[in-house]
Amino acid sequence: MSQAQLIVALAGNPNAGKTSLFNALTGARQHVGNYPGVTVDKKEGEARLDGQAVKIVDLPGTYSLTAYSLEELVARNYLIGDRPDVVVDVVDASNLERNLYLAVQLMELGVPLVIGLNMMDVAEQRGMKIDVAKLSQLMGLPVVPLVARSGQGVQELLRQAVLLGSQHPQWKPLNISYGADVDQGLSELAALLEGATPRQGLLSARWLALKCLEGDSEVMERVRENQALAGQILPVCQRLSEHMRATLDDEPESVIADYRYGFISAIARQALVLEREVRMDFSDKVDRVLTNRLIGPLFLLGVLYGVYQFVFWASKTPVEWFERLFGWLGGAVEATLPEGILRSLIVSGVIDGVGGVLGFVPLIMFMFFAIAIMEDSGYMARMAYLMDRLLRAFGLHGNSVISLIVGGGISGGCAVPAVMATRTLKDPQARLATILVVPFMNCGAKLPVYSLLISAFFAHRQADVMFALTIISWGVALLAARLLRSSLLKGSQAPFVMELPPYRTPTLKGLFIHTWERTWQYVKKAGTILLAVSLVVWALMSFPGLDAQQAARYERLAAQAQSDQERQEVANQRAAAELSATVAGRLGRVLTVVTDPLGFDWRTNVALVGGLAAKEVIVSTMGTAYSLGQGAKKSVDAEPLAKRLAASPGWTPLAAFALMIFVMIYSPCVATLAVIRRETGGWRWPLFAMLHHTLVAYLLALLVYQGGRLLGLG
Amino acid sequence: MQTISLRHLAPGQSAVVAKVTTGGELGRRLRDMGLVPGTPLKVIGRAPLKDPVEIKLRGYNLTLRNNEADHIIVEVE
């Protein structure tokens, strides 16, 4: 990478095809990071033009550049603070006017700008003809027509961007008129700001003045820091505001917006010709069916059910391959290494632990694939539309459905990105309620637990039981949200104003990239946190072990044994005694005092404690607990854990079901707790989630197990 | 010509935005999405529980709740 590497920032509305363009530009050369101090994803990648590397930074998708949302602030602060060489604004040609609203704001800021006029094919289908040369001339910017999905025009866009960026142009803020009153106010404020701001060299005084009139919270905060300046500026803003309210019955910021749209309309009138009116396009026709009062909800349920069937069907064979691979790996290590602590560490700690998790990667991958299809096709937004009224009844927000689904609402998500996704919720109380109930969803880490128990006890009804678990998790989440919103989190509702993007056939490339990104996040977690936790758990389950006296006793018994059968008997007893003597064994036994009424034995308790670190650990810990506890140290048993559980005394389908309910609801994992802490700004809510959720889980599992026994089910 | 709020438009009915009677966050969000005076719009439909409402404006589809639609005053023929 040369030092003079050009930086191109991609801006644009959500759904304008920014991601497609980013993928087309960078291919596989991309990575995801964070903007400093916040957890908004920062995607960066590298494009190549004539052998030269160009850095591409994908800004969050926004409709505007106000201080209204975190994404908008992040995008704006990146542009101002990092000053990329050139900005490409991805504009949806079929939705020109609204998309140009962001372009105008970028022009007001003055960044060196190239317009990527995307979805030219869609615009054409809708009977729109855009005069690109005219548009470019009117806006005074390079405009490149694109079909980012197919890659058409992408190289030309990059060429234009590099051409402009390599000239390192000065920022040239666009000056448009916002009407006589605002213009006069702007001049007054700009004169005051000219000499006063520390950012004066970088930002135009007029832009700052504009933001003051718009009541931009961030700029105003900076102004207030300088008391002398604030004393001059605030009265001007106030006077103008009062004047406009009196004369136009309107606020300056809405007048400014009206003039921006006026500017855009003037451009669109000259550059856009509607050749034929398409009264109802394909997307509207589909919507008539899919958001129909009767068909819509049924279709939604059908989609959810279809997703399970697909995921289980598609992942069955690869999951078996993974199981065999790790079984073989364990066997190979056993055959090479001498018996002892190292072999136990590698086989029982590392291979069993990580293998138990990675074995489920195909399942999680297909689930992410299904979620990506729903997102990329535009159906996810319809789900929010269909669900909003219902979710609002429980004190949530239509957008909560996205967090709930990412968190595992269709099973197979992760609470960590789901908690982060709640940032799109502007209603603080609904957001907090969403954050707190998202961990009830069946995340990808709980799937291995369900999968294990279902294949052991409900082998013939896999999809049905999974479906029931999903319905239960939604029921618990919604009821909990309702209770929270009428007790701890009382408060009003925030806006639900959302674009319903047109239905599109997702591109395979886009689906693969989305699936890969999320699967990789899961694998990374498995590879790092889980390896560490597996090792800690292995240590807890291996030490301190038997004391010398007891060990000597078993040695003696073994020596006295007459037959192989007797020797095996002694070995089993010894293994059980060893595990029982470890830290984990002792803790698990102590906990049986409270877990007996739920039907959990001490091994389950150990696994649940381990699961606090990450739910994936539950399966690996049970694997370790059973393989150690049953004296299987000599060889990794080919028999899967599921069969072993099914054959174990004390396990019944009812106990397994109670355990699944407990795992679904009890304390979020450490990673989720950490994110909740970061998102809520303190320890109060993560601690609440940990204790409250565990208590609810206990009560519900108790109800299931004892209730089931009363009904004669177990 | 008659002015009513967006809530009272029936599916399939067209109108032109006359005024947006709210400021603050909601007002800003509505403006960002292109709902400013003079904008033609059409009601596409309502969700199964009659709320939210789906409208078409500037060539794209937008959804908002009835209590938000109350703030959008439109002119109908």
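Below, chain A is the first sequence line, B the second, and so on; all start at residue 1.
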>> Restricting to non-hydrogen atoms, name the atom on B/M33 and the atom on A/Y261 that form the minimum distance, rounded to 0.1 Å.
In response: C-OH, 3.9 Å

>> With chain A as the partner, which of B/L26, B/L49, B/L35, B/D32 has the greatest number of non-hydrogen pairs under 4.5 Å?
In response: B/D32

> With a 4.5 angstrom heavy-atom cut-off, which part of A/E253 approaches chain B: side chain, backbone, both or neither?
Replying inline: both

> Do B/R58's NZ or CZ and the ring of A/Y101 fall within the cation-pi criteria of under 6.0 Å and 45°?
Replying inline: no

> Non-hydrogen atoms of chain B under 4.5 Å away: do they reach the side chain of A/D249, the backbone, both or neither?
Replying inline: both

>> Quick check on B/V53 against chain A: is it the side chain, the backbone, both or neither that has a heavy atom closer than 4.5 Å?
In response: backbone

>> Can you confirm whether A/V497 sits close enough to B/L62 that some side-chain heavy atom of one is under 4.5 Å from a side-chain heavy atom of the other?
In response: yes

> Out of curiosity, A/D284 CG to B/K42 NZ, how far, rounded to the nearest 0.5 Å?
Replying inline: 8.0 Å

> Relative to chain B, which of A/R389, A/R293, A/R98 shows the most heavy atom pairs under 4.5 Å?
Replying inline: A/R98

> Based on non-hydrogen pairs under 4.5 Å, which of B/L64, B/T21, B/T39, B/V20 is most in contact with chain A?
Replying inline: B/L64

>> Looking at every heavy atom in both A/N292 and B/P48, which two are closest together, and how far apart are they?
In response: O-CG, 4.3 Å

>> Counting heavy-atom pairs closer than 4.5 Å to chain B, which one of A/E214, A/M498, A/E499 comes out on top?
In response: A/M498

> How far does CZ of B/R31 sit from CG of A/D258, to the nearest 0.5 angstrom?
Replying inline: 8.0 Å

> Just how far is it from atom CG of B/N61 to atom CZ of A/R382, taken to the nearest 0.5 Å?
Replying inline: 6.5 Å

> To the nearest 0.5 Å, what is the distance between CZ (B/R46) and OH (A/Y385)?
Replying inline: 8.5 Å

>> Rounded to the nearest 0.5 Å, what separates atom OH in B/Y60 from atom CG in A/D92?
In response: 11.0 Å

> Hey, what do you get for CG (B/L57) to CD (A/E97), rounding to the nearest 0.5 Å?
Replying inline: 9.5 Å

>> Looking at A/E124, I want to see if its CD is surrounded by more than 12 non-hydrogen atoms of other residues, nucleotides or ligands under 6.0 Å.
In response: no

>> Please identify, among B/G38, B/G45, B/G34, the residue contributing the most non-hydrogen atom pairs under 4.5 Å to chain A.
In response: B/G34

>> So does A/T66 get a backbone contact from the side chain of B/R28, meaning a donor-acceptor N/O pair under 3.5 Å?
In response: no

>> Is A/S254 in contact with chain B via its backbone, its side chain, both, or neither, using a 4.5 Å heavy-atom distance?
In response: both

